[in-house]
Amino acid sequence: MKIYNTLTRTVEEIVPQRQGRIRLFVCGPTVYNYIHLGNARTFVLFDSLAKYLSFSGFEVFYLQNITDIDDKTLRVASESGVPWTEVSQKFYEEYRKDMEALGANSVNVYAKATLYIEEIKSQIRRLLKKGFAYETSDGVYFHVEKFRDMGALSGQKLDKVVPGSRVSPSEQKLNPSDFVLWKKQKPGEPAWDSPWGYGRPGWHIEDTAITESFFGKSYDIHGGAKDLMFPHHEAEIGQMRSISGKKYLAKYWIHGGYLNFGGDKMSKSTGNFILLREALRKYSRQQIRFFLLNANYSSDLLYTEDLFKASCEALDRIQTAYEMLHGVEGQSGSEDFDPGIYLSRIRSSLDNNFDTRSAFAYLQELSSMIFRSGGKLSPEIAARARETYMFVDRIFGILKNDAVGSDVSRAIQGIINLREEFRKKRDFATSDMIRKILEESGVRIEDEASGTKWRFV
RNA sequence: GGAUAGGUGGCAGAGAGGUCAUGCGUGGGACUGCAGAUCCCAUCUACUAGGGUUCAAAUCCCUACCUAUCCUCCA
C-alpha cells in the first residue's frame with residue numbers, strides 16, 4: 001500500500017526494512033486525565049491502519065508508549081493530594097478501558113516511560129559522549145545546533161523559530177530550541193538516580209529509549225497526530241539519529257489531523273473537548289469509529305452534533321443493508337451484480353493513502369445495490385457481499401454484530417410474536433404501544449413484507 | 001515573522017486533465033393499518049478570484065485573496 005510520508009512529503013509505497021514485517025510506533029497519551037474524542041481519532045486511525053496492514057499480509061508489531069511521569073502528572077497529583085504513581089496508574093487503566101470500549105485492540109505493547117529509566121539514561125549518556133548534549137545546573141539538554149537535520153520533518157528552520165515565551169531567563173540553554181533530556185530534581189519531586197544527580201526524564205527521550213529497546217535504532221512507521229510533529233518528533237529524530245548515525249529513526253512518518261470542536265482544535269489544555277467516555281455514553285463505538293474514520297485521516301475534522309448525527313444516518317444505512325443480507329430469499333434477482341468489485345475497490349482505496357472516505361463511499365454504493373435488489377439475491381452473491389462487509393468491519397469495527405440466537409434475542413422475538421397477535425386482530429393501539437416500549441428500551445422494530453425485523457439502537 | 005496543509009453543490013466531503021463520487025438534507029411519488037426502513041423521480045450542470053498552458057482544467061503553471069494549524073504542554 002501507499003501512504004503519505006511527512007518526511008518526504010510524497011505518497012510512497014510501504015516497503016518495510018525487514019521483509020513482511022512492520023514495526024509501528026505511535027505516541028501514546030500522557031496519563032493524567034481521561035482521553036478525549038480528539039485523542040480517540042488518532043488511536044482509531046492507527047488501530048485501523050495496523051489491522052489493514054495485517055490484512056495486507058504484513059506481520060505488524062504495534063508499540064505505544066505511555067507517558068506516566070510528567071509535569072502534568074505531578075500537578076494533578078499535588079492538586080488532588082494523591083501520590084503521582086496512583087494518578088498515572090489510574091488514568092493508564094482508564095485509558096486501556098477506553099481503548100477496549102472503542103474496540104481499539106491492535107496495540108501489542110504499551111510501554112510505560114518509568115519502566116525504561118535505564119534505557120533513557122543510556123541514551124543520554126551516549127548523547128553526552130558524542131557531544132550532542134550538555135549538562136547545566138537544572139538538567140541535561142540536547143544541543144539542537146549539533147544535529148544538521150534538525151527541522152527536516154516539519155520544514156522548520158531553527159533560526160526562524162520564534163522562541164517560546166515561557167523560556168525563563170535563568171535557563172542556561174545554549175540555544176532557545178534546546179530541549180531537556182533529564183530534569184534535575186526539584187524539592188518534593190520524584191526522582192531517579194543518575195550520573196547527573198537525581199532527576200527524571202524529559203518527554204522526548206522516553207520515546208526513543210522505548211523504541212530502541214523494542215526495535216533498535218531504526219524502524220518502519222512512526223505515527224501520531226500532527227501537533228506532535230514539531231517539536232516532539234523532531235526531537236526524537238535528533239536524539240536517535242545523533243546516537244545511531246543512521247539515516248532514519250523511522251522510514252515513514254504518518255500524521256493524523258485534528259478533531260475540531262466549536263471552531264477550535266479539541267484540546268485538554270484549553271478545556272475545549274468532549275471526553276471519549278462521555279461520547280460512549282451517548283453513542284455506540286461503531287458510530288464513533290465511523291464518524292472518526294469517515295474523513296481523510298490527515299485533514300482536520302469538525303465535530304458538531306449535526307454532523308455526528310448525519311454520520312450516524314449514513315452508518316445506519318450501511319448497517320441496514322448488511323442486516324438485509326441475513327434475510328435474503330435465496331432467489332436470484334433480476335439485477336444480479338458482483339459484490340467482489342466493491343471489495344476490490346475498497347481495497348484499492350485503502351491502498352491509496354488509506355483513503356477511508358472513498359472506501360466507505362464504495363460500501364455505501366454496495367448497500368444501495370443490495371437495497372435495489374429488494375432483498376432478492378442469490379445465496380452466492382449474498383455471501384460475497386457479506387464477505388465485503390465483514391472485511392470492512394474487521395478493520396474498522398463499524399458494524400454491529402448482535403448475536404442472533406442469544407437468550408436476549410429469543411426474548412425479544414417472543415415479544416414481537418405477541419405484538420404480531422395484536423396486529424392480526426388489528427388492535428393497533430396495543431401493537432403500537434408494544435413497539436413504543438421496545439423502542440424506549442433500545443430495540444427498534446420495523447415491519448416489512450417478509451416479517452418484522454428488529455435491532456438494537 | 002517562519003513553517004505546513006487547504007479553499008469543491010444547502011451541509012459534510014472524494015476526485016487530480018476529457019465520463020455518476022458518496023452521504024446527509026430538501027420537494028414529490030410508491031409501499032405500509034400507522035411508523036420506520038427501502039425504492040423511484042426531482043432538487044444540484046458545484047469546484048475562491050484573475051491570468052496562462054492545452055483540442056480539453058475543479059484537476060497543470062503563475063498571481064492575488066482567504067482559512068486552519070504549528071513555532072509553548074497537547075493525539
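A, B, ... follow the sequence lines: proteins, then strands. Residue 1 opens every chain.
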Considering only atom P, compute the distance from B:C47 to B:G25 and round it to an integer number of Å.
-> 25 Å

Can you figure out which of B:G23, B:A75, B:U22 approaches the side chain of A:Ala361 most closely?
-> B:U22

Of all pairs that satisfy salt bridge (charged side-chain N to carboxylate O under 4.0 Å, His left out), the ones with a partner from residues 145-160 of chain A, not counting sequence neighbours = A:Asp149-A:Arg241

Check the distance between B:U22's C1' and A:Gln364's CD and give it to me in whole angstrom.
-> 6 Å

Are the side chain of A:Arg23 and the backbone N or O of A:Phe61 linked by a donor-acceptor pair below 3.5 Å?
-> no

Of A:Ser431 and A:Lys268, the one whose closest RNA chain B nucleotide lies more 5' = A:Ser431

Does the base of B:C74 carry an N or O that pairs as donor and acceptor with the side chain of A:Lys265 under 3.5 Å?
-> yes

Using 30° and 60° as the class limits, which term best fits the ring planes of A:Tyr52 and A:Phe354: parallel, tilted or perpendicular?
-> tilted

Gap in Å between the two C1' atoms, one belonging to B:C44 and one to B:U4, rounded = 34 Å

Which distance, rounded to the nearest 0.5 Å, do you find between the CE of A:Met99 and the CG of A:Leu276?
-> 6.0 Å

So, A:Lys183 and A:Glu189, do they make that salt bridge, N to O below 4.0 Å?
-> no

Across the strands shown, which category fits A:Ser154 at heavy-atom distances under 4.0 angstrom: base, sugar-phosphate, nothing?
-> sugar-phosphate

Please report the C-alpha distance between A:Phe179 and A:His204 in whole Å, then the side-chain angles of each, then the deciding distance to 0.1 Å, and finally whether the ring pair (Phe, Tyr, Trp, His ring centres under 6.0 Å) criterion is met.
-> CA-CA 8 Å; A:Phe179 52 86; A:His204 311 300; 5.0 Å; yes

Test side chain to side chain contact (heavy atoms under 4.5 Å, CB included) applied to A:Ala361 - qualifying residues, sequence neighbours left out = A:Gln364

P gap between B:U8 and B:A46, integer Å = 14 Å

Dot-bracket for RNA chain B, 5' to 3', counting Watson-Crick or G-U wobble pairs under 3.5 Å, with [ ] for crossing pairs and | for inter-strand pairs?
-> (((((((..(((.....[...)))((((((.......))))))....(((((..]....))))))))))))....

Output the residues of residues 227-235 of chain A in contact with RNA chain B, where contact means a heavy atom of the residue under 4.0 Å from an atom of the strand; sort by number or write none.
-> A:Asp227, A:Leu228, A:Phe230

Collect all protein-nucleotide pairs involving nucleotides 41-45 of chain B in which both atoms are nitrogen or oxygen and the distance is under 3.5 Å.
none

Within the structure shown, what part of the strands sits under 4.0 Å from A:Ala310 by heavy-atom distance: base, sugar-phosphate, or nothing?
-> sugar-phosphate

For A:Gly38 and for A:Ser311, find the nucleotide of RNA chain B with the closest heavy atom, then tell me which residue's nucleotide is more 5'.
-> A:Ser311

Keeping the roles fixed (side chain from A:Asn353, backbone from A:Val11), state whether a donor-acceptor pair exists under 3.5 Å.
-> no

Could you run through nucleotides 10-16 of chain B and give me one letter per nucleotide, 5' to 3': B if any protein heavy atom sits under 4.0 Å from the base, S if only the sugar-phosphate is that close, - if neither?
-> --BSSS-

Excluding sequence neighbours, so at least two apart, what forms side-chain hydrogen bond (donor to acceptor under 3.5 Å, both in side chains) with A:Ser80?
-> none

Across all chains, not counting sequence neighbours, the ring-ring contact (aromatic ring centres under 6.0 Å, His included) partners of A:Tyr342 are none

Pairwise P distance, B:A57 and B:G18 [rounded to whole Å] | 11 Å

Given atom CG of A:Asp98 and atom P of B:A75, what is their separation to the nearest angstrom?
-> 14 Å

Please report, rounded to the nearest Å, how far the P atom of B:U22 is from the CD1 atom of A:Ile346.
-> 15 Å

Donor-acceptor contacts, no H, no angles, side chain residues 27-38 of chain A, under 3.5 Å, sequence neighbours left out:
residue	atom	partner	partner atom	Å
A:Tyr34	OH	A:Lys90	NZ	3.3
A:His36	ND1	A:Gly38	N	2.9
A:His36	ND1	A:Asn39	N	3.2

At under 4.0 Å between heavy atoms, what does A:Lys157 touch on the DNA or RNA strands: base, sugar-phosphate, or nothing?
-> nothing

Once each nucleotide of nucleotides 35-40 of chain B is scored for protein heavy atoms under 4.0 Å, what B/S/- sequence comes out, 5' to 3'?
-> BBSSSS

Could you measure between the two C1' atoms, the one in B:C61 and the one in B:A16, and give it in whole Å?
-> 15 Å

Have a look at A:Phe308 and say if it touches a base, only the backbone sugar-phosphate, or nothing, with a 4.0 Å heavy-atom cut-off.
-> nothing

Close residues, residues 251-259 of chain A, relative to RNA chain B [heavy-atom separation under 4.0 Å] | A:Gly257, A:Tyr258, A:Leu259

Check: A:Asp159 side chain, B:G2 base, donor-acceptor under 3.5 Å = no

Quickly work out the A:Met99 CE to B:A75 P distance and round it to whole Å.
-> 12 Å

With sequence neighbours left out, write down each residue that passes ring-ring contact (aromatic ring centres under 6.0 Å, His included) with A:Phe291, or none if nothing qualifies.
-> A:Tyr303, A:Phe308

